[in-house]
Amino acid sequence: MLTDQQLMSAIAAGDQQAYAEAVNRFARSIAAYAYRMTGRERDAEDIAQETMLRLWTQAHRWDPDKAELSTWLHRIARNLCIDFLRRDKSALSEEISGEQVDAQIAIDQQLDRDADVLRLRAAVAQLPERQRSALIMTHFGGLSNREVACILDVTVDALESLLARARRSLKSKLANEHNNMMNSEGAYKS
Amino acid sequence: MTEFTPERFEELMAMYGSDSNKWPAKERQAALSYVGKNPTAAREMQLWQAFDMQLQSFAVPTFSGLEARLLRQRLPVQQRGLADHILAWLFPEPHRMLAMLWRPAALAVVPLALGLFVGSVADMTVDGYAMSSFDEELYFLSLSDYAESI
């Protein structure tokens, strides 16, 4: 298996086999990150596609001394997500707004697990972008704090502070919603 | 060993999560000992564990056929500026640097070769300078006092 450096040298030289290997190695994790950021499968795939195209066209710009390849790609993907969210502010709200979450729950009270997932997605979507990226990349992306700090262009201490704020805010929001749901169910039963 | 405060314990949970393997190594033992002795901290840790499990439910689609779709698309031409080409030629990737040292050396020789070529081809004399210099020499000779040498 090629190292990241060998892979990128080959891609910079126009080797399409090397590009295919890079796609197989990174596209899925980029798409997963983009999905958790945007909330839409189609948009996540588009962002993964654009990220991989930039890897192809800009391969010569990657500097292994500055960042690992996965870090560099996540940084590109994050910038594309930010552009996307600026362009289409409705993206997350269209799909997972709080009202729709409530509507979904009202439609089918039996699907508690799905409702919990929708609530979680809505709560994550309401986090500020930096907190959301920090949480998604460390918790789901398997990246180290040092790598994520590099992607977000902050110190590791600042990243840990972002993570703490994100997790506290999410935990409190989910707990409140859970309590509200329990109260409303109690009122419905009585 | 660090004495744990409730605030520091909450901070640890918020920053690193409820999995003690992710806590900073130098604080891990003290934190676990704190949880063992403190029922309130143990209860708080359970809440954070429940939260972390809830986070895991944020699954992503399978993205079936994603790689195949990406590889089917036509790749654009890799565009690089002239400066990028020159730099890439001069300074190849680090593991080939030693073998390619002749390239920067060759570049350094170019001004020298250019100087030699210009020096051999170009006429460096200033128009009329030789003649005027000869006339001036005769003029100064005529002014010289040769009596001293006699």
Side-chain angles (χ1 to χ4, degrees), chain A residues 5-6 8-9 11-14 16 19-20 23-25 27-36 41 44-45 48-49 51-53 56-61 64-65 113-114 116-117 119-121 124 135-136 138-140 145 159-171 174-175 178, chain B residues 7-19 22-24 27 44-81 83-89 91-97 100:
Chain A
Q5 208 161 322
Q6 289 167 333
M8 291 302 277
S9 297
I11 292 172
Q16 297 200 7
Y19 174 72
V23 167
N24 288 322
R25 217 185 270 186
R28 207 158 274 265
S29 67
I30 296 294
Y33 164 70
Y35 175 76
R36 290 190 172 105
E41 184 174 355
E45 289 194 0
Q49 175 176 321
T51 304
M52 297 316 293
L53 282 180
W56 170 255
T57 55
Q58 310 287 322
H60 61 285
R61 289 184 185 275
D65 294 333
R113 194 176 165 280
D114 287 352
D116 282 348
V117 172
R119 283 181 194 285
L120 173 64
R121 288 175 55 189
V124 170
L135 181 77
I136 290 171
T138 51
H139 193 87
F140 303 104
N145 284 7
L159 170 77
E160 288 177 348
S161 169
L162 277 174
L163 275 174
R165 271 184 279 154
R167 287 169 53 81
R168 277 189 195 117
S169 153
L170 208 52
K171 182 168 170 275
L174 291 172
H178 183 76
Chain B
E7 291 76 22
R8 179 57 190 156
F9 184 73
E10 192 277 335
E11 200 172 54
L12 206 64
M13 294 288 113
M15 276 184 186
Y16 305 105
S18 57
D19 179 1
K22 293 180 180 170
W23 300 346
E27 289 181 287
E44 185 169 341
M45 191 167 167
Q46 282 175 351
L47 291 175
W48 279 104
Q49 279 168 341
F51 169 72
D52 284 335
M53 279 181 64
Q54 196 174 357
L55 268 188
Q56 288 303 333
S57 66
F58 194 167
V60 293
T62 54
F63 297 114
S64 59
L66 173 68
E67 289 86 355
R69 272 198 299 284
L70 295 189
L71 292 174
R72 264 202 307 272
Q73 73 180 148
R74 194 184 176 87
L75 290 172
V77 177
Q78 290 175 308
Q79 291 181 338
R80 295 171 69 171
D84 285 332
H85 277 295
I86 292 171
L87 283 174
W89 184 81
F91 305 107
E93 54 272 32
H95 68 275
R96 293 176 60 207
M97 197 64 168
M100 297 296 171

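Chain identifiers are assigned alphabetically (A, B, ...) following the order of the sequence lines, protein sequences preceding nucleic acid strands; residue numbering begins at 1 within each chain.
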Looking only at heavy atoms, the pair that brings A:Tyr35 and B:Ala59 closest together is CE2-O, 3.7 Å
Closest heavy-atom pair and its distance - B:Leu70, A:Ala27: CD1-CB, 3.6 Å
Side chain, backbone, both or neither of [X] within contact of chain A (heavy atoms, under 4.5 Å):
X       : result
B:Leu47 : both
B:Glu11 : both
B:Ala50 : neither

Are side-chain heavy atoms of [X] and [Y] found at a separation under 4.5 Å?
X        : Y       : result
A:Lys171 : B:Gln54 : no
A:Gln49  : B:Leu66 : no
A:Tyr19  : B:Leu71 : yes

Once rounded to the nearest 0.5 Å, what's the spacing between atom [atom1] of [X] and atom [atom2] of [Y]?
X        : Y        : atom1 : atom2 : answer
B:Leu55  : A:Leu174 : CG    : CG    : 7.5 Å
B:Ser57  : A:Asp116 : OG    : CG    : 7.0 Å
B:Lys22  : A:Asn145 : NZ    : CG    : 10.0 Å
A:Leu170 : B:Phe58  : CG    : CZ    : 9.5 Å
A:Asn24  : B:Glu67  : CG    : CD    : 5.5 Å

For the side chain of A:Trp56 and the backbone of B:Leu75, is there at least one donor-acceptor N/O pair under 3.5 Å apart? no
Quick one: does any side-chain atom of A:Arg168 pair with a main-chain N or O of B:Ala14 as donor and acceptor, under 3.5 Å? no
Who among A:Ile11, A:Leu53, A:Leu163 has the most heavy-atom pairs with chain B under 4.5 Å? A:Leu53
Chain B interface, residue from A:Arg165, A:Met52, A:Arg28, A:Met8 that has the most non-hydrogen pairs under 4.5 Å: A:Arg28
Using a 6.0 Å distance limit plus a 45 degree cone around the ring axis, check whether A:Arg167 lies over the aromatic ring of B:Phe51. no
